[in-house]
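Here the structure is laid out as structure tokens; the discussion comes afterwards.
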Amino acid sequence: MNKNEQFVITINRELGSGGRTVGCKLAEKLGVKFYDKALIKALEEKYNLTIEEIEKLKGRKHNWWSDFDRVVSIGPSITSNYYMPQKGDESGIITTNDMFRAETEILKGIADEASCVVAGRSGFHVFRDHPNHLSILIQASMPFRLARVMRKQNFTEDEARKTIERVDKMRENYVKKFTGTSRYDTRNYQLVITADGKTEEEIADMILQYIG
């Protein structure tokens, strides 16, 4: 990946690995925007960005996202600082084909407009043919993940373990349904990082060193 040209970095991560925070820090260090599920979902809901509406926007102008970005406020205020899938939030299973297509078009519109960092949302698949794309997987051991989720959410170990298992299943189902591959297949990534023994800052710096 050439950071001196327009790029997109996608980060798939295990819950409790700190991958979302890494993505935020990396985007800040690179001076680009960061997007994740919470923001994409908020955009869809707030601005009714269904696949039908997106097709209408694309039909009016060549670069539909550029026009859209100029008339709406997209920033930290639209989403929370820490996204934790809640019990009953089974979007990884019930997401429809049209919803996936809408998310894909939103992400492609974002990346067409400017360099960015994207966490989750099967970004490794969406941007697999992008000419300047770096795909990253951040994982961690179960003890590391448990400790982080317990600390962040004030969960007991049992609550943290059940949440991790549920979210792992939900995300894997989502990826398999819409990409035909596993999010654990390392052939989908150029860089795989284990978070154990590292801070989010250190991981972000490792990625910067890898980019060069």
Side-chain angles (χ1 to χ4, degrees), residues 1-43 69 74-85 103 106-108 110-128 130-153 160 163-164 167-168 171 175 183-212:
M1 190 201 87
N2 184 354
K3 66 181 180 182
N4 296 317
E5 298 179 1
Q6 191 164 311
F7 63 82
V8 57
I9 298 174
T10 58
I11 298 178
N12 266 57
R13 75 280 187 219
E14 292 184 311
L15 181 66
S17 67
R20 184 187 184 281
T21 303
V22 170
C24 289
K25 289 182 177 294
L26 181 63
E28 184 178 356
K29 289 172 182 289
L30 289 168
V32 301
K33 288 184 178 181
F34 171 80
Y35 298 90
D36 69 348
K37 172 179 177 174
L39 180 52
I40 299 303
K41 186 174 181 180
L43 286 172
D69 193 21
I74 300 172
S77 62
I78 202 170
T79 186
S80 60
N81 291 326
Y82 186 80
Y83 177 75
M84 170 65 72
E103 289 185 356
I106 292 169
L107 289 173
K108 287 183 175 179
I110 288 168
D112 283 345
E113 179 67 10
S115 296
C116 59
V117 176
V118 177
R121 313 322 293 151
S122 299
F124 70 86
H125 179 79
V126 171
F127 296 108
R128 63 193 183 281
H130 192 284
N132 199 24
H133 168 217
L134 175 63
S135 181
I136 302 169
L137 173 65
I138 298 178
Q139 56 189 14
S141 67
M142 183 57 75
F144 182 97
R145 299 171 70 192
L146 285 170
R148 193 172 192 279
V149 172
M150 288 168 65
R151 184 176 71 254
K152 287 283 186 178
Q153 297 297 309
T163 299
I164 287 171
V167 173
D168 280 352
R171 288 178 175 172
V175 170
R183 71 191 186 111
Y184 301 109
D185 188 339
T186 56
R187 291 172 294 186
N188 293 317
Y189 312 99
Q190 284 82 52
L191 185 61
V192 178
I193 299 174
T194 299
D196 294 61
K198 307 174 188 71
T199 66
E200 291 94 341
E201 190 83 24
E202 288 171 341
I203 296 174
D205 288 338
M206 285 176 60
I207 297 170
L208 287 176
Q209 290 174 7
Y210 176 85
I211 294 171

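Residue numbers run from 1 in the order of the sequence given. Fair warning: this is a prediction, and the values are worked out from it, not measured in the lab.
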*Ile211 side chain near Ile9 side chain, heavy-atom distance below 4.5 Å*: yes
*Gln6 to Asp112 - nearest heavy-atom pair and separation*: NE2-O, 3.0 Å
*Output all residues satisfying side chain to side chain donor-acceptor pair (under 3.5 Å) with Arg151, sequence neighbours left out; order by chain, then residue number.*
none
*Considering all heavy atoms of both residues, which atom of His125 and which atom of Arg128 are nearest to each other, and what is their separation?*
O-NH1, 2.5 Å
*Below 4.5 Å, heavy atoms only, C-beta onward: do Asp168 and Arg183 meet side chain to side chain?*
yes
*How far apart are the C-alpha atoms of Phe7 and Leu30, what are their side-chain angles, what is the distance that settles it, and do they pass the side chain to side chain contact (heavy atoms under 4.5 Å, CB included) test?*
CA-CA 11 Å; Phe7 63 82; Leu30 289 168; 4.0 Å; yes
*To the nearest 0.5 angstrom, please state how far the CD atom of Gln153 sits from the OG1 atom of Thr163.*
8.0 Å
*Inter-residue atom distance His133.NE2 - Gln190.CD, 0.5 Å rounding*: 6.5 Å
*Minimum heavy-atom separation for Ile207 to Leu191, with atom names?*
CG1-CD2, 4.1 Å
*Answer yes when Arg13 and Asp36 have at least one side-chain N-carboxylate O distance shorter than 4.0 Å, and no when they do not.*
no
Could you pull out every donor-acceptor pair under 3.5 Å between side chains of residues 134-144 and any protein atom, sequence neighbours left out?
from	atom 1	to	atom 2	distance (Å)
Ser135	OG	Asn188	O	3.0
Ser141	OG	Phe144	N	3.4
Ser141	OG	Asp196	OD2	2.4

*asked:* Rounded at 0.5 Å granularity, tell me how far OG in Ser115 sits from CG in Asn132.
replied: 7.5 Å
*Non-hydrogen atoms of Thr10 and Phe127 that approach each other most closely*: CG2-CD1, 3.6 Å
*Atom of Tyr189, atom of Asp185 and distance for their closest heavy-atom approach*: CE1-O, 3.4 Å
*Would you call Lys25-Glu202 a salt bridge at under 4.0 Å N-O?*
no
*In terms of side-chain geometry, is the basic nitrogen of Glu200 or Arg148 positioned less than 4.0 Å from the acidic oxygen of its partner?*
yes
_Set of salt bridge (Lys or Arg N to Asp or Glu O under 4.0 Å) partners for Lys3, sequence neighbours left out_ = none
_Quick check: do Arg20 and Cys24 have side-chain heavy atoms less than 4.5 Å from each other?_
yes
*Between Tyr184 and Glu14, which heavy-atom pair has the shortest distance, and what is it?*
CE2-OE2, 3.6 Å
